[in-house]
Student: 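Before I ask anything, let me first share the structure, which is written out below as structure tokens.
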Number of protein chains: 2
Amino acid sequence: MAETAEDLEDLTRTESVASSADSPESTPKQDEAQTPTARANTTKPSKPETKRNAFTELMAPKPRAPISQAPQSLASKASQVIRGVWRGALIEYIEHPERFPNQVLRVTAHTVLIKDAFPKSTIHLLLLPRSPAHYLLHPHTAFADASFLTTIRAEAAEAARLAAAELARQLGSFSASNRARDEAVGRGVPPDRLPPGRDYAREIRVGTHAHPSMAHLHVHIISRDMRSERVKHRKHYNSFNTPFFVPLADYPLAEDDVRRETGYQNANLRRELVCWRCGRTFGNRFAELKRHLEEEFVEWRAE
Amino acid sequence: MAETAEDLEDLTRTESVASSADSPESTPKQDEAQTPTARANTTKPSKPETKRNAFTELMAPKPRAPISQAPQSLASKASQVIRGVWRGALIEYIEHPERFPNQVLRVTAHTVLIKDAFPKSTIHLLLLPRSPAHYLLHPHTAFADASFLTTIRAEAAEAARLAAAELARQLGSFSASNRARDEAVGRGVPPDRLPPGRDYAREIRVGTHAHPSMAHLHVHIISRDMRSERVKHRKHYNSFNTPFFVPLADYPLAEDDVRRETGYQNANLRRELVCWRCGRTFGNRFAELKRHLEEEFVEWRAE
DNA sequence: TATTCCGATAGTGAC
DNA sequence: GTCACTATCGGAATGAG
């Protein structure tokens, strides 16, 4: 899977959507921050050699919350509850996207787009709304707000285009239906005169999980394949391949939509495994599904 | 555990109970027997470098039983059913003890005494009755025969003495109550004038399993400790440390003895784990019990 | 429905 | 209640000095 990891690295460099990050990976200030008194609330990674992400960032040593504090709003208290536990890890990307130049792909007024730290497909991005009024809401609640939904949908569409372009870059050379375009690129044909290639946008899905584990609102932008060594158990797979995955297009959900029901969604996660591509069933035999997905991947990318 | 393995090797050499084995480990005939036509019913190990035991012996490739055979007695048919499957592996020790000089400790008119191939304690022997009229019976049935029981008991007692002597040899130097004897041995005191040491016979248990998996009647002669890397799961442990283990002294069982009941014995195998020495309970936490048994072993051998 | 580690549980096949 | 192998399932901790 090293190939995949390297290719995802490339994704940060291929597009014109430069992140707003402007701080270099390492600065003298970080070394100064090693003294406990200098750390205070702005946490820094204690081991510079550790690859930085929101998890290491969030879990970095910090003093216990002081007994005497300035009065807080209810909103910031809620945020405080989340901070410092894994459920709240995404807040770091939202509040400090510039700290993660390797993960953050795009920052707009409304969202931060990052690479999922544990991608479940060849391409797996997360779109994180920045609005504090929304970002701790359950997706079903947040996307009941029509205006907010419209905003996020537009950003998600842009993210999906980016994901499709990266998928084309990574897999285009394996694709039969993309061959003419691929060869034209090889001949130096300018972009505006290239023949249409495979429609990779069709292979990108956009949606939420019915029961997110990470507290902050996030929309998955994920390629169809489910080929990743990070897919390690049934729930990983079923969370993207049953109605537990709620397409962003389906929002707002009707009040009586069955997908709101906890029991129904828990059952979805425990369903028998079914190949997303050929429909073959695998019961509980996850390892067998994994081997099968490898074969399907080869055929899928060759379409 | 290499120490244990080596010490068990020693057991074949320490006592005067020479096995009846007289054939060397390897003969030219075995190589001749490699051709399929020469194998017939007397199976040979196909890979000479593999350490030989009844399992490799029994499982070695052999031709299917020929369609046309001489008429057989019912007894030999029963034996035929067992032959060639794991449940019948012990027959090789019974019929061909001379093939296993490293496993067989003693052969008498009535029994073969072997080292268990997967010992569940520091000392773990199996006493195999040679009587074809008994050796495929369930232990509860076989030991309802008073005369047979008397014979096997006498042999088992001898086997237990052998086991105790080997335990003393392996562990005597760690034992407080054995120190005087140990030091006397060191000073060259003749055996008949040695002070009494620790009573290792008390640490040897003799009995059967209520539901044996190996088809041929076998009596376990096992040291008390249960310290062995071959103890790998709960059933291994509980089969020796619940009423699933039936002391030979308890035979014949009464008709209404609860230990005859299948449901009761299956429950015994699934019981929560309890340390045989201190009575501490471990629920289902087998790994924790294993670590605890290591500590108990050190204290037990120091008694 | 975060991951990771450890370990308990279950099914299979065995020349 | 044979073993050995593979895998599934289940709980607990989760950073760092």
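Protein chains get the first letters and strands the later ones, always in sequence-line order, with residue 1 at the start of each. It should be emphasised that the depicted structure is a prediction, and the values quoted were computed from it without experimental measurement. What's counted below: heavy atoms across the whole structure, side chains too, no hydrogens, waters or symmetry copies.
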Student: For Leu269(B) and dA8(C), give me the distance from atom CG to atom P, rounded to whole Å.
Tutor: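 Answer to the nearest Å: 17 Å.
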Student: Could you give the CZ-to-C1' distance, from Phe286(A) to dT8(D), as a whole number of Å?
Tutor: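 Distance, rounded to whole Å: 11 Å.
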Student: Within the pair His233(A) and dG10(D), is there a side-chain N or O less than 4.0 Å away from OP1 or OP2?
Tutor: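 For dG10(D), OP1/OP2 do not have a side-chain N/O of His233(A) under 4.0 Å.
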Student: Please determine if a side-chain N or O atom of His211(B) lies less than 4.0 Å away from the OP1 or OP2 oxygen of dT2(D).
Tutor: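 False: His211(B) side-chain N/O out of range (4.0 Å or more) of dT2(D) OP1/OP2.
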Student: OP1 or OP2 of dC9(D) versus the side-chain N and O atoms of Arg234(A): is any pair under 4.0 Å?
Tutor: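 Yes.
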Student: Take atom C1' in dT3(C) and the same atom in dG17(D), then report the distance between them in whole Å.
Tutor: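 Comparing C1' positions in dT3(C) and dG17(D) gives a spacing of 23 Å.
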Student: Taking only the side-chain nitrogens and oxygens of Lys232(B), find out if one of them lies under 4.0 Å from OP1 or OP2 of dA4(D).
Tutor: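 True: Lys232(B) side-chain N/O within range (under 4.0 Å) of dA4(D) OP1/OP2.
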Student: What pattern of brackets, bars and dots sums up DNA chain D from 5' to 3', given Watson-Crick or G-U wobble pairs under 3.5 Å, [ ] for crossing pairs and | for another strand?
Tutor: .|||||||||||||...
Student: Asn284(A) side chain N/O closer than 4.0 Å to the phosphate oxygens (OP1, OP2) of dC9(D)?
Tutor: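 The answer is yes; a side-chain N or O of Asn284(A) sits under 4.0 Å from OP1 or OP2.
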Student: Is the phosphate of dT6(D) approached by Lys290(A) (side-chain N or O, under 4.0 Å from OP1 or OP2)?
Tutor: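 Checking Lys290(A) against dT6(D): no side-chain N or O falls below 4.0 Å of OP1 or OP2.
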Student: Is Arg291(B) close enough to dG7(C) that one of its side-chain N or O atoms is under 4.0 Å from OP1 or OP2 there?
Tutor: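 Affirmative; the distance criterion is met.
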Student: It should be established whether Arg230(B) places a side-chain nitrogen or oxygen under 4.0 Å from OP1 or OP2 of nucleotide dA4(D).
Tutor: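 Answer yes for this pair, as a side-chain N or O of Arg230(B) is under 4.0 Å from OP1 or OP2.
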